[in-house]
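The block underneath contains the structure these notes are about, expressed in structure tokens.
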Protein chains: 2
Amino acid sequence: MILDERKRHILESVIKDYVATAEPVGSRAVVRKHALNISAATVRNEMADLEDMGYLEQPHTSAGRIPSEKGFRYYVDCMMENENPSDEQIEVLHKILEDSIQEWNDVVQGIGHFLSQVTNYASFIIVPSVKFSQFQSLQLIPIQEGQALVLVVTDIGIIMHRKISIPRSIKARDLQAIGDLFNRAFRGKRLSEVQRSDLQSLRDELKNRRQVIDKSLEALDNLLDSPHDEKVVISGALNILKEPEFKDMDKLRRILTLFEEDGPLKGVLPEQIKEGVDIRIGQENQAEDIKEMSLVFAGYRTAGEMGKIGLIGPVRMEYWKAAGTVESVRRIIDDLMNNSGSDPKLFKK
Amino acid sequence: MILDERKRHILESVIKDYVATAEPVGSRAVVRKHALNISAATVRNEMADLEDMGYLEQPHTSAGRIPSEKGFRYYVDCMMENENPSDEQIEVLHKILEDSIQEWNDVVQGIGHFLSQVTNYASFIIVPSVKFSQFQSLQLIPIQEGQALVLVVTDIGIIMHRKISIPRSIKARDLQAIGDLFNRAFRGKRLSEVQRSDLQSLRDELKNRRQVIDKSLEALDNLLDSPHDEKVVISGALNILKEPEFKDMDKLRRILTLFEEDGPLKGVLPEQIKEGVDIRIGQENQAEDIKEMSLVFAGYRTAGEMGKIGLIGPVRMEYWKAAGTVESVRRIIDDLMNNSGSDPKLFKK
DNA sequence: ATTAGCACTCAAGACGAGAGAGTGCTAACA
DNA sequence: TGTTAGCACTCTCTCGTCTTGAGTGCTAAT
């Protein structure tokens with residue numbers, strides 16, 4: 001559907017005003033604030049048209065108009081220009097990242113903070129499961145009488161460990177031998193490909209050191225399991241308290257519950273994620289819980305898998321700013337991941 | 001101040017009713033619900049006395065009474081009997097703990113969940129800084145060309161690590177030698193006692209391997225620094241949405257902000273913590289932000305240092321239940337820490 | 001010392017009037 | 001034919017007033 005210039009201008013005015021004030025905007029307000037050379041009456045006619053087309057709606061007959069979700073969608077698709085964060089803000093982000101470069105955890109935290117701070121919406125970051133990175137080495141390290149550490153290093157330098165208890169008869173050199181065995185078997189495989197059957201054949205090979213092997217396998221199994229699934233980091237959840245649409249306690253509760261645990265949020269995002277910034281407005285979202293919110297998100301690539309970053313806000317959202325910020329941050333993450341290979345970052349669950 | 005039996009009974013009735021309903025309770029309600037053999041008029045007289053003494057107050061002249069903070073304090077100090085969680089609930093907790101025994105992180109999470117679930121208040125757990133545990137060993141482990149892992153193990157089995165880059169000329173056996181050196185110097189010391197001066201003298205001793213030493217020291221320094229400070233875990237923060245006293249957005253915001261980051265909450269608790277369950281009611285709290293809330297908390301002992309667990313709720317709180325639950329959980333944690341020494345838990349930041 | 005009775009107080013909810021913002025329609029105009 | 005001014009109409013929001021009801025304090029009787 002193509003709108004003529006004037007209608008587009010009016011739609012934009014209504015959106016900008018409504019996003020800023022959360023109140024319906026009337027014809028007078030449009031001519032006053034946006035200095036069109038037409039009268040309020042004309043605007044009214046145009047607005048009535050826009051309403052017929054579904055881009056605007058009226059809360060009640062004698063109120064101003066507010067943009068419908070379809071209106072927002074049209075604006076986002078056909079008119080919007082992203083507003084990128086200022087140079088100073090980008091500067092700040094870089095500083096944060098440099099300061100925390102040692103700890104992947106802190107990096108993620110820092111990015112989340114930045115996103116929510118700059119935009120005033122709740123931000124989320126989904127770090128892809130470690131399962132998809134490649135096995136690089138496994139070491140068994142004695143740490144005290146009767147205990148050893150199973151240390152797994154992946155290709156991108158993620159370190160994972162589990163403690164196991166071992167018989168006292170096992171010496172350091174035995175542990176090393178066992179470790180080497182694992183390495184020969186698994187090096188270069190994806191963690192998700194390390195099947196139990198592999199583990200089984202390995203076990204048969206080494207009956208005499210069965211106990212250590214068993215425990216190591218168990219630990220490995222455990223590492224690959226649940227807790228190292230995708231990680232979700234949420235920041236600035238309380239920003240939604242600022243939005244007048246959530247003055248209602250029930251709504252508020254439902255939304256905040258989404259943020260309190262990791263699971264629900266994951267369910268809300270599409271599994272497959274397209275290139276660039278994606279925007280889901282209100283009802284466009286699949287999940288019931290989030291049909292009165294909007295998402296602005298993007299994927300970033302790390303170690304072959306996709307992670308996700310994004311913002312959650314009310315339908316009445318500053319999409320231009322949100323999209324600009326998400327896109328900028330996505331680019332910075334990509335740089336960080338793929339470019340600074342010299343000293344791969346230290347990961348830590 | 002000693003109250004006679006009847007006044008105590010009335011005070012208790014008012015407290016129980018008010019805690020349950022969040023509404024002022026009148027004289028009629030007291031006689032009706034608590035079946036005293038006295039008339040409403042008598043109760044009114046007694047209530048007027050209790051008000052004079054400061055144990056009750058009236059929101060306005062023609063409303064019922066609500067307990068003052070002093071009233072709650074009297075009840076807590078002189079009348080309250082703790083209500084412990086049911087056997088089934090304790091059973092559930094034990095099950096949670098067994099399931100997650102591998103990961104200290106999960107244990108803490110589980111306990112937090114339990115506390116907030118059972119009581120319907122927000123719970124917090126403060127895990128003491130790792131600085132206070134004793135240094136047991138440091139190892140330098142080659143993980144790939146030009147990179148090594150500094151691995152620190154403490155007496156209670158907390159594992160910390162940092163990656164460093166090393167010159168390619170350094171061999172595995174060199175790393176081991178350097179590690180041994182550290183061990184001789186530090187074994188048995190508290191991490192907080194490992195001073196930079198020690199590190200310095202160590203460095204002088206080994207000019208030739210300076211680079212590795214430097215990096216290791218840096219890593220160690222880093223490990224002892226900020227991120228491994230006390231850790232705060234909060235659970236069930238959204239429970240406060242249920243309380244009618246926080247229907248006001250501003251209040252709500254202030255409180256939830258306390259929970260969103262770790263820092264503020266720490267500031268709210270007393271540094272030194274006495275034996276047993278401690279209760280801070282409303283204004284008794286030092287920190288401004290929390291003067292309209294109550295705290296019920298206790299310390300637990302781990303590796304020589306004190307950790308803290310507790311609940312945050314409105315002044316109108318079920319202190320009996322909160323105190324009983326906190327005390328029970330504290331005891332369970334103590335058992336877990338000091339008793340099951342056979343397989344010290346795996347810590348992980 | 002306790003109680004019944006009664007007048008009094010105050011918050012909260014219902015109701016209605018008035019103001020204000022905005023619309024839709026009509027008729028005039030370029 | 002598109003634009004505009006004018007005007008009646010609609011609906012929400014805000015006050016102020018009234019009413020209701022719960023609960024008190026006081027007094028006098030037991």
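To find a chain, count down the sequence lines: A is the first, B the second, and so on, and within it residues start at 1.
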A:Phe124 and side-chain contact (heavy atoms from CB on, under 4.5 Å): which partner among A:Ile309, A:Leu269, A:Leu258?
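Testing each of A:Ile309, A:Leu269, A:Leu258 against A:Phe124, the sole residue satisfying side-chain contact (heavy atoms from CB on, under 4.5 Å) is A:Leu269.
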
Has A:Glu284 got more than 12 heavy atoms of other residues, nucleotides or ligands less than 6.0 Å from its CD?
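For A:Glu284, atom CD is crowded (more than 12 foreign heavy atoms under 6.0 Å).
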
Could you tell me the separation between the [atom1] atom of [X] and the [atom2] atom of [N], rounded to a whole number of Å?
| X | N | atom1 | atom2 | value |
| --- | --- | --- | --- | --- |
| A:Ile66 | D:dT12 | CD1 | P | 14 Å |
| B:Ile10 | D:dG23 | CD1 | P | 15 Å |
| B:Ile38 | C:dT3 | CD1 | P | 7 Å |
| A:Asp52 | C:dT23 | CG | P | 14 Å |
| A:Leu56 | C:dT23 | CG | P | 11 Å |

Any donor-acceptor pair, under 3.5 Å, between the side chain of A:Ser62 and the base of C:dT23, if you only look at N and O atoms?
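A donor-acceptor contact between them is absent.
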
Which of residues 17-28 of chain A sit near DNA chain C, with a heavy atom under 4.0 Å from it?
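DNA chain C contact set from residues 17-28 of chain A: A:Gly26, A:Ser27.
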
Supply the atom-to-atom distance A:Arg73 CZ to A:Arg280 CZ, rounded to the nearest 0.5 angstrom.
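So the CZ of A:Arg73 and the CZ of A:Arg280 are separated by 8.0 Å.
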
Residues [X] and [Y] bridged, charged N to O under 4.0 Å:
| X | Y | value |
| --- | --- | --- |
| B:Glu83 | B:Lys321 | no |
| A:Glu245 | A:Lys251 | no |
| B:Arg253 | B:Asp250 | no |
| A:Arg331 | A:Glu327 | yes |

Compile the donor-acceptor pairs under 3.5 Å between side chains in residues 10-19 of chain B and protein atoms, sequence neighbours left out, one pair per line.
unit_1  : atom_1 : unit_2  : atom_2 : d
B:Ser13 : OG     : B:His9  : O      : 2.9
B:Asp17 : OD1    : B:His34 : NE2    : 3.4
B:Asp17 : OD2    : B:Lys33 : NZ     : 3.3

One character per nucleotide, please: for nucleotides 24-30 of chain C, 5' to 3', B when the base has a protein heavy atom closer than 4.0 Å, S when only the sugar-phosphate does, - otherwise.
B------

Would you indicate, yes or no, if C:dT2 has its OP1 or OP2 atom less than 4.0 angstrom from a side-chain nitrogen or oxygen of B:Thr42?
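B:Thr42 to C:dT2 OP1/OP2: no side-chain N or O under 4.0 Å.
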
Has A:Ser39 got a side-chain N or O lying under 4.0 Å from the OP1 or OP2 atom of D:dT4?
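The answer is yes; a side-chain N or O of A:Ser39 sits under 4.0 Å from OP1 or OP2.
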
Answer with yes or no after comparing the ring centroid distance for B:Tyr75 and B:Tyr319 against a 6.0 Å cut-off, counting only values under it.
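Ring centroids of B:Tyr75 and B:Tyr319 are no less than 6.0 Å from each other.
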
Heavy-atom nearest nucleotide on DNA chain C for B:Arg6 versus A:Gly64: which residue maps closer to 5'?
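This one resolves to B:Arg6.
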
